[in-house]
Amino acid sequence: MAHVRKTTHSRKPAARRSARRKTSTRHSVARKSSKHATPKRWSQRVTKESDALDLKQGVFKLTSAKRIAASLMRSAEHSARRRTGAYRSALSMLTFYINRAGKTLPKTQRTRLERAKVELKRAFGKE
């Protein structure tokens with residue numbers, strides 16, 4: 001029985017890849033981008049590693065809008081990584097979380113987070 005050597009090149013040559021016919025349908029673009037996407041949950045990476053602020057873990061899961069606002073305020077004031085004012089950083093992170101959750105965010109949690117925005121304004125004296 002002859003020994004079959006495995007090749008190290010599993011991809012097609014670059015010339016053939018670029019010559020491939022490109023389709024303009026949304027479905028094929030979505031499939032194509034998922035193959036080459038960086039991390040699977042980029043929004044999670046943003047909330048953990050962004051320069052907006054250092055968040056306490058589970059801050060958006062808290063049960064009270066006042067507690068969420070207080071935690072965001074505390075995080076924004078103590079964060080050394082934020083690029084703008086404390087109020088703006090806290091509000092932008094809260095808005096980012098609400099927008100990225102989209103339709104999957106339960107209605108009760110969405111209203112709690114929207115109330116947290118109002119509480120945040122009150123806490124910073126922007127009302």
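Reckoned from all heavy atoms, side chains included, excluding hydrogens, waters and symmetry mates.
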Contact check, side chains of [X] and [Y], non-hydrogen atoms, under 4.5 Å:
X      : Y     : value
Leu72  : Lys56 : no
Arg67  : Val59 : no
Phe60  : Leu55 : yes
Gln109 : Lys61 : yes

Determine the minimum heavy-atom distance between [X] and [Y], stating which atoms define it.
X      : Y      : result
Ile68  : Leu113 : CD1-CD2, 3.8 Å
Ser64  : Arg112 : N-CD, 4.1 Å
Ala76  : Ala90  : CB-CB, 4.0 Å
Thr111 : Thr108 : OG1-O, 2.8 Å

Side chain Ser89, main chain Gly85, donor-acceptor under 3.5 Å: yes
Polar side-chain atom of Arg110 near backbone of Gly102 as donor-acceptor pair, under 3.5 Å: yes
Any pair counted as ring pair (Phe, Tyr, Trp, His ring centres under 6.0 Å), so long as it reaches residues 106-127, sequence neighbours left out: Tyr87-Phe124
Pair listing, ring pair (Phe, Tyr, Trp, His ring centres under 6.0 Å) test, anchored in residues 61-85, at least two apart: none
Nearest-0.5 Å distance that lies between atom CG in Leu91 and atom NZ in Lys126: 10.5 Å
Results of side chain to side chain donor-acceptor pair (under 3.5 Å) for Arg122 - residues two or more places apart only: Glu119, Glu127
